[in-house]
Protein chains: 2
Amino acid sequence: MRSCIEKLLQSVEKALPILCLRKVFQMGDTRNTELNKQVTIKDIAKKAGVSQATVGRVIGGYGSVSSKAKEKVLKVVKELNYVPNSIAQSMKNKRTKTIGVVVGRFGNPFFSEIVNAIEVAGAKLGYNVIISNTDEDPKKELECLKTLYSKQIDGIIIATTLSPDTVLDAASKKFYSGSIPTVYIDRELPFLQELCVLTDNYFGAYKATEYLIEKGHRNIGIIAGTNTSTMHRRIEGYKRALMDNNIEPQEKFIRFGEKATVEEGRQFTSDLLINNQDMTAMFALNNQLVTGMLKAINDMKLSIPTDLSVVGWDDFELAQIVNPPLTMVTQDTEKIGTVATEKLIEIIHSKDVESNALGERRIVFNAHLIIRESCADRKVEWI
Amino acid sequence: MRSCIEKLLQSVEKALPILCLRKVFQMGDTRNTELNKQVTIKDIAKKAGVSQATVGRVIGGYGSVSSKAKEKVLKVVKELNYVPNSIAQSMKNKRTKTIGVVVGRFGNPFFSEIVNAIEVAGAKLGYNVIISNTDEDPKKELECLKTLYSKQIDGIIIATTLSPDTVLDAASKKFYSGSIPTVYIDRELPFLQELCVLTDNYFGAYKATEYLIEKGHRNIGIIAGTNTSTMHRRIEGYKRALMDNNIEPQEKFIRFGEKATVEEGRQFTSDLLINNQDMTAMFALNNQLVTGMLKAINDMKLSIPTDLSVVGWDDFELAQIVNPPLTMVTQDTEKIGTVATEKLIEIIHSKDVESNALGERRIVFNAHLIIRESCADRKVEWI
DNA sequence: CTGTTAGCGCCTTCAT
DNA sequence: ATGAAGGCGCTAACAG
């Protein structure tokens, strides 16, 4: 039964018959011929026996053209398979119909869902999307913005890695505010006037913490990461919920990482568990941290929720079918992406017309607490 | 404890002090002023008291310039915060330093991981990435390609939604082959000569099926989707493994969907389970189908691997910590993305120099079977 | 209704 | 070492 490799190789070869190779070489002939060279408006004009302007009118659908000129042009357009050169168009009319998206890491499902929504919403309105990873590094972020700027994108959607207390020099500020339509997502810089589309992080964290408190937990660990408004607000919500219930927040229950990675989540969790025997619940503040947390708990052979109650942030499809199903705070990534895109494009268009700005400063969506089975009641005899 | 909403609102307001608003309005002044207008080479030239050509030489780093002219220019460049206009550059030298990526859906982690790798590899080599979703629709795919083509991208990486037996008319073929450097990923069209970077799907499916057979399973369900070479090869590998072990593949154990979504996975799984009481194992051929399969199994209150052994395709971080940890076929998404990008850019550059093509036809990576605990031994008394 | 023409910003040859 | 000038492909104002 083992090592049927020879058989395998045979069938692999069979699957791609030699015939294809021949075909391929024939096709090679079409390379670097007319098909390959850009067909321009000039070519159309020459072949149709009209002026470039007339071709432009037909293609652009403005001015007036005699029906037979139009017909001729359209015929040649089809014949030559003409596709307009957007670069030349952009050169002329100063818009590229392209927007830039700048996030920490595209592989992060939270961002990839948002970017997916951005692409879909953008495509619907005729815009393409250029993506850029910053790896949560402010220097890289600035580089990305410069590149996008030089590519003359019409607008930017950014989940900035800058912390809310950053001080920007004038040269950098140009790339963050005022010179090009920009919408911030997920994280906001309070010193900028640009629109920000995000989730109510404070309230989401508040609700989740309150829920754990209602279950009788008082020593609740929390792991966070990235020095952003988003994480700050979540921590604030957590602390506030504790205080509103007469529990003093303690730093020993809080871990705050650099980049909020899976590995940080793992380390922080085992760290918290080892150093706080009295901790009965934990809250991980993003999807990567949740994964890390679950790994650590798994490694330590603890069971949820018997040994530890657990709440995560950023729901994922499998959260409802793992054992036990996880209680999670969720945000609507699709909505964030869609609304950010639609607003950005509104701003872009309004700029065409008059000044700009919709006056909106922030659009905030609710975070939802989805209660499943990862939190146990804690009997509190000693209260 | 409940409805502390007033308190919440108060703290929300506190968090964004009114001071910020003032600052914001001051900043508003910088809008639509010089900062906002593109600074061009002409502006630099005028202010530095030299010709445009000299500025070009300094910035482009070619020809020879006197050191004091150079100094003057660089000073003004910094003063005016000059950023070159890539669009104009592209116009001139016919390359945009941008590549297009066309996939079914970015939200799909398999693709988002690949695209992440593409972005990283591309950025390293000075290329930006435009993304396009096709939603697994050939018509949309062609539209995407046309748009990208019109944007004069330097190359394309595509996971085509076309099935291997598609017949392309000449007009469409232009967008798939021969006119612009193109690298196919994950799925290949045997009638094209372009490079394809992908996983050995046949062998991966073969190994996984063989593994199940070794465990004593003979009635193995399989769920697939999207009419692509990828899925075909996986099904072939599965069938071949069965036949090599004297088991006749039966259509009743196979389900093949349109788009390989979570929902299809769920339906197919419950369908298979209901109609085949003798089925003891299942194999889901991509990440979405795996999720759907797990959902269905969960809904039917079956347990893995006691009631059903299960193998999935496309590993994810949580697969090792769910209960039970899942046995999975994995592919190296990062490598696919990175290699596809590097090869594409090689092709782009080779085209500059002479003809083109590296001669490579396909780069195939191994699929790995990661054995965890989702498959049970099946005692086969009746053999 | 149609053609001519002047740029968009940058590159680059040619002449000085 | 430097400046003038033409042109990439398209748009649109202007003239016929």
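Numbers restart at 1 for each chain; the letters A, B, ... are given by sequence-line order, proteins then strands. These values consider heavy atoms only, across backbone and side chains, with no hydrogens, waters or symmetry-generated copies.
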[X] [atom1] to [N] [atom2], straight-line distance once rounded to whole Å:
| X | N | atom1 | atom2 | answer |
| --- | --- | --- | --- | --- |
| I44(A) | dT11(D) | CD1 | C1' | 16 Å |
| Q89(B) | dG9(C) | CD | P | 13 Å |
| N93(B) | dG7(D) | CG | P | 18 Å |
| Y62(B) | dC10(C) | OH | C1' | 8 Å |
| I87(A) | dT11(D) | CD1 | P | 13 Å |
| I59(A) | dT11(D) | CD1 | C1' | 11 Å |
| K42(A) | dT4(C) | NZ | P | 13 Å |

Indicate whether OP1 or OP2 belonging to [N] is found under 4.0 Å from a side-chain N or O atom of [X].
| X | N | result |
| --- | --- | --- |
| K94(B) | dG9(D) | yes |
| T54(A) | dG3(C) | yes |
| Q52(B) | dG3(D) | no |
| Q38(A) | dG9(D) | no |
| Y82(A) | dC10(D) | yes |
| S51(A) | dG3(C) | yes |

*So which one's nearest nucleotide on DNA chain D is more toward 5', A69(B) or R57(A)?*
A69(B)
*By nearest nucleotide on DNA chain D, pick out whichever of V83(A) and V50(B) is the more 5' one.*
V50(B)
*Should the pair Y184(B) and Y176(B) be assigned to parallel (<30°), tilted (30 to 60°) or perpendicular (>60°) ring geometry?*
parallel
*So does K92(B) reach the base of dC11(C) with its side chain, donor to acceptor, closer than 3.5 Å?*
yes
Donor-acceptor pair between [X] and [Y] side chains, under 3.5 angstrom:
| X | Y | answer |
| --- | --- | --- |
| T96(A) | K151(A) | no |
| Y82(A) | Q38(A) | no |
| T147(A) | S150(A) | no |
| S177(B) | E194(B) | yes |

Of the nucleotides [options], which has the atom closest to the [X] side chain?
| X | options | answer |
| --- | --- | --- |
| A53(A) | dT2(C), dC8(D), dT4(C) | dT4(C) |
| S64(B) | dC10(D), dC8(D), dA1(D) | dA1(D) |
| I41(B) | dT2(D), dC10(D), dC10(C) | dC10(C) |

*asked:* Within the 4.0 Å heavy-atom criterion, would you say N85(B) contacts the bases, only the backbone, or no part of the nucleic acid?
replied: sugar-phosphate
*Name the nucleic acid region contacted by S66(A), choosing base, sugar-phosphate or nothing; use a 4.0 angstrom heavy-atom cut-off, strictly under.*
sugar-phosphate
_Passing candidate, side-chain hydrogen bond (donor to acceptor under 3.5 Å, both in side chains) with T160(A), options E141(A), E136(A), E188(A), R187(A)_ = E141(A)
